[in-house]
K.L.:
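My questions all concern the structure below.
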Number of protein chains: 2
Amino acid sequence: MKKPRPKPPKSRTAVAKTPTLADIAAEVGVTKITVSRALNTPDQLSPATLEKVLAAIKRSGYTPNLLAGSLSSNRSKLIVALVPSISGAMFTATMQNVAEHLQQHGYQLLIGQAGYDDAREDALLEAVIGRRPDGIILTGIVHSAQARQKLRAARIPVVETWDLTSRPIDMLVGFSHPAIGKAAAEYLWQRGCRRPAIISPDDRRARLRAAAFTAFYAAKKIPVPAVEAPAPTPMGDGRSGLATLLRDHPRIDSVFCGSDNLALGALVEAKARGISVPKQLKVIGYGDQSYGKDADPPLTSLRIDGAAIGRIAAEMLMARAAGQSPKKKVVDVGFAIVERASA
Amino acid sequence: MKKPRPKPPKSRTAVAKTPTLADIAAEVGVTKITVSRALNTPDQLSPATLEKVLAAIKRSGYTPNLLAGSLSSNRSKLIVALVPSISGAMFTATMQNVAEHLQQHGYQLLIGQAGYDDAREDALLEAVIGRRPDGIILTGIVHSAQARQKLRAARIPVVETWDLTSRPIDMLVGFSHPAIGKAAAEYLWQRGCRRPAIISPDDRRARLRAAAFTAFYAAKKIPVPAVEAPAPTPMGDGRSGLATLLRDHPRIDSVFCGSDNLALGALVEAKARGISVPKQLKVIGYGDQSYGKDADPPLTSLRIDGAAIGRIAAEMLMARAAGQSPKKKVVDVGFAIVERASA
DNA sequence: GGCTTTCATGTTACCGGTAACATTTTCACG
DNA sequence: CGTGAAAATGTTACCGGTAACATGAAAGCC
């Protein structure tokens, strides 16, 4: 049986609200959908109507509620990227490129700071998925099984970056960290270094590089002393890191640094102690930051093409948005050793 | 007259969709609102029901659609911060602090990159407002009249930061750039510098500092040669900047650098030319980045408490969210001169 | 001129949640 | 054991848009 109709509920917002489609429509004397079309598909309207509607929109200072639009259309025109730290200069080029590419397609990029800590990543991912972006770009690969499952269940295109795995959640653009560690080791080995050491950030990817470096020398029965610094590593940690190494292992002849910042700090410390680089000590960095070439001596470093990562990731997402599936779901952008004077 | 009822429209999404509140509710045998309460106000439910619902949620991998929730409740639990560049180390501490504070209150921070270019800021702001965040943090003050009007019309709490104005859109946490330029000039003047120069990024705030610096010396009839570099300024621009200055004005005795990066580059260039710092040339930076103290010589710099800016901005927004209005709508966090060996 | 197309606009339902109020159940207590 | 208050759950409407289909007006065509 029909219940008696409840009395009209009072308006939820007592104060003046921001204008909506309906307000504009009423003012112009058309329906909501016409106003919607004026904004989204203007060539579907007659020039006269279009002009009237746009004028009213302008007059009222109306800003479309994208929450409502996205909910209805199931498209948010929003891509979310998660980075470990917004300060990490490494990812800047990537994000810059992503943002530029997305902009061309009318998409917006928002960046979330995940931290280097895995625990928080899960919570953040949940919140991100909840906002139903049209794509998610992750720095590094996701390790929590639950997070992977949720990402898959959400059916949102995902690009993992800056790392490599044979089983990505969806798509991937990255490179092999172990390959970098090995390349650095080979490079130093060929230049006669027999007593290398490592100064490394404590994040997972840096550890992969360090482990591969150590493994290379271990195969030659050479142990590699190492110190770790909490990411993101400031230059000062490179100074103190080298100081620690020299105290415990005064005869080291080379340092593989897990970031250019650390390498720069090591250079400063070496200079302060009168150790000549590269003669007595070879120093090699990672990241090839722009300041490396201005260091004294100029820094040898491992270069990653972060811009390419961003460009490719964005292209993959845009392809998906257009309904295509990208030719390759996994792209390895590789790396290069930039040889300068420090090693 | 009632039109004939249209035939039931076909489902909009043919493929399997992600689960919704209704799905969970049906599975457990309760209504949507009960499931909603399980997530938002769990102590309103009986323990038995709560457990059943949560189990079903977990089983299904359900992720709440925050678009729908925000639309309905008019609260998004989202704060958006716009920074000129995510690479700018200056804003990192601010964002870090904002993120931490917000997290404690269950809010999420997303960062948008606005660029140093004003034109784009308007478009980005429009998109941001459209997502109806519960607060907006801006780096710098907004200058476009239209953007200011839209921000006001949207009734979203806004905090402008890193600058000062007597007429903020809403709230403000910052400091005076001209005061900094003047302080730097006084500092150098007192140390005997009579032929200063400037290397500055080309963004608006840096120009304010440079202009005040120049004005101080102009009052003493001393012209100040200056070079500009496009923001964000890498260290290399400091090198080339000093080189340019020395070529055109070989007798300068001090440089006020608009960023620590530039100052570091200037130090490198001076050293390369055998110019002794601070004896022949005093160098002063801005930002007091962590690497400044490891420079050779350690860098004198103007320190801004970016962390405090972030903390206060977050507190202001959280106060607003709680329905209070903060005691002070404008906070000047000031600055300090950190004296080291370079000047 | 009548008929088919195309163009411009409207109607209805729905996206997936939450607010506000209503109803039912449970529990304490005289 | 009845009664009133508190606790648990339900009902209805609505947030502000867009999809899909419907309809009326203008235009093309033989």
Side-chain angles (χ1 to χ4, degrees), chain A residues 1-14 17-26 28-53 57 62-77 130-132, chain B residues 1-14 17-26 28-53 57 62-77 130-132:
Chain A
M1 206 215 295
K2 200 74 187 296
K3 306 266 168 50
R5 198 164 192 299
K7 58 185 83 109
K10 63 186 57 163
S11 121
R12 286 207 223 168
T13 49
K17 340 182 285 56
T18 68
T20 71
L21 270 194
D23 298 331
I24 307 288
V28 180
V30 295
T31 54
K32 293 196 297 177
I33 194 70
T34 301
V35 181
S36 173
R37 285 178 180 132
L39 292 167
N40 299 314
T41 53
D43 35 285
Q44 274 185 32
L45 298 189
S46 71
T49 313
L50 179 58
E51 194 190 352
K52 274 191 300 183
V53 172
I57 288 175
Y62 166 72
T63 303
N65 186 328
L66 298 180
L67 296 177
S70 302
L71 176 60
S72 179
S73 70
N74 211 27
R75 282 175 293 102
S76 61
K77 290 273 178 180
R131 313 231 182 238
R132 301 293 193 264
Chain B
M1 203 214 298
K2 201 72 187 292
K3 304 266 168 47
R5 198 164 192 298
K7 58 184 83 108
K10 64 187 55 163
S11 121
R12 286 208 225 167
T13 49
K17 343 183 282 55
T18 67
T20 71
L21 269 193
D23 298 331
I24 307 289
V28 180
V30 295
T31 55
K32 294 196 297 178
I33 193 70
T34 302
V35 181
S36 173
R37 285 178 179 133
L39 292 168
N40 300 315
T41 52
D43 35 284
Q44 274 186 32
L45 297 190
S46 71
T49 312
L50 179 59
E51 194 188 354
K52 273 191 300 182
V53 172
I57 287 175
Y62 167 72
T63 305
N65 186 330
L66 298 180
L67 296 178
S70 303
L71 176 60
S72 178
S73 69
N74 212 25
R75 281 175 295 103
S76 61
K77 290 273 179 181
R131 313 238 179 233
R132 301 293 192 264

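Only a predicted model underlies this, so the values are computations on that prediction, with no experimental measurement involved. We use all heavy atoms of the structure for the numbers below, so side chains are in, but hydrogens, waters and symmetry mates are not. Letters A, B, ... mirror the listed sequences (proteins, then strands); counts begin at 1.
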K.L.:
List in chain and number order the residues that pass side-chain hydrogen bond (donor to acceptor under 3.5 Å, both in side chains) with Thr49(B), two or more places apart in sequence or in another chain; answer none if no residue qualifies.
P.N.:
Ser46(B)

K.L.:
How far does CG of Leu50(B) sit from OG1 of Thr41(B), to the nearest 0.5 angstrom?
P.N.:
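Reported to 0.5 Å precision, the distance equals 10.0 Å.
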
K.L.:
Starting at OG of Ser76(A), measure out to CG of Leu67(A) and round the result to the nearest 0.5 Å.
P.N.:
10.5 Å

K.L.:
For the side chain of Leu71(B), counting heavy atoms from C-beta on, which of dA8(D), dG16(D), dG10(D) is nearest?
P.N.:
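Between dA8(D), dG16(D), dG10(D), the one nearest the side chain of Leu71(B) would be dG16(D).
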
K.L.:
Return the value, rounded to whole Å, for the distance between atom CG of Leu45(B) and atom P of dA8(D).
P.N.:
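Answer to the nearest Å: 8 Å.
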
K.L.:
Would you say Ser72(A) reaches dG17(D)'s phosphate, i.e. side-chain N/O to OP1/OP2 under 4.0 Å?
P.N.:
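Checking Ser72(A) against dG17(D): no side-chain N or O falls below 4.0 Å of OP1 or OP2.
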
K.L.:
First locate atom CG of Leu71(B), then atom CG of Leu66(B), and finally report the distance between them rounded to the nearest 0.5 Å.
P.N.:
12.0 Å

K.L.:
Whole-Å distance between dA22(D) C1' and Arg37(A) CZ?
P.N.:
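In whole Å, dA22(D) C1' lies 11 Å from Arg37(A) CZ.
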
K.L.:
Just to verify, what does Arg131(A) make a side-chain hydrogen bond (donor to acceptor under 3.5 Å, both in side chains) with, not counting sequence neighbours?
P.N.:
Gln108(B)

K.L.:
Rounded to the nearest angstrom, tell me the gap between atom CG in Asn65(B) and atom C1' in dG17(C).
P.N.:
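Rounded to the whole Å, the gap is 7 Å.
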
K.L.:
Kindly calculate the angle separating the two end axes of the helix from dG1(C)-dC30(D) to dG30(C)-dC1(D), each obtained from five base pairs, and round it to 10 degrees.
P.N.:
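The angle separating the two end axes equals 30°.
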
K.L.:
Counting only side-chain N and O atoms of Ser70(B), is one of them less than 4.0 Å from OP1 or OP2 of dG17(C)?
P.N.:
no

K.L.:
Counting only side-chain heavy atoms from C-beta out, which of dG10(C), dG16(D), dG17(C) sits nearest to Ile33(A)?
P.N.:
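From the listed options, dG10(C) comes nearest.
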
K.L.:
Rounding to an integer number of Å, can you tell me how far Lys32(B) NZ sits from dA8(D) C1'?
P.N.:
19 Å

K.L.:
Does dA19(D) have its OP1 or OP2 closer than 4.0 Å to a side-chain nitrogen or oxygen of Arg75(A)?
P.N.:
yes

K.L.:
In whole Å, I'd like the distance from the NZ atom of Lys52(A) to the C1' atom of dA8(C).
P.N.:
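Rounded to the whole Å, the gap is 12 Å.
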
K.L.:
Atom CG of Leu21(A) to atom C1' of dC15(D): distance rounded to whole Å?
P.N.:
13 Å

K.L.:
I need the CG-P distance between Leu66(B) and dC15(C), as an integer number of Å.
P.N.:
18 Å

K.L.:
Report the distance from atom CG of Asp43(A) to atom P of dT6(C), rounded to the nearest whole Å.
P.N.:
17 Å

K.L.:
If you define the side chain from C-beta out and look only at heavy atoms, does anything of Thr34(B) sit under 4.5 Å from Leu45(B)?
P.N.:
yes

K.L.:
Just by modelled atom types, is the Lys32(B) backbone N or O under 3.5 Å from a matching donor or acceptor in the Ser36(B) side chain?
P.N.:
no

K.L.:
Report yes if at least one side-chain N or O of Thr20(B) is closer than 4.0 Å to OP1 or OP2 of dC15(C); otherwise report no.
P.N.:
no

K.L.:
Measuring to OP1 and OP2 of dT18(D), would you say a side-chain N or O of Asn40(A) lies under 4.0 angstrom away?
P.N.:
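Asn40(A) to dT18(D) OP1/OP2: side-chain N or O found under 4.0 Å.
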
K.L.:
Please determine, for the side chain of Ser73(B), which listed nucleotide (dA19(C), dT9(C), dG17(C)) has the closest atom?
P.N.:
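Within the option list, the nearest is dA19(C).
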
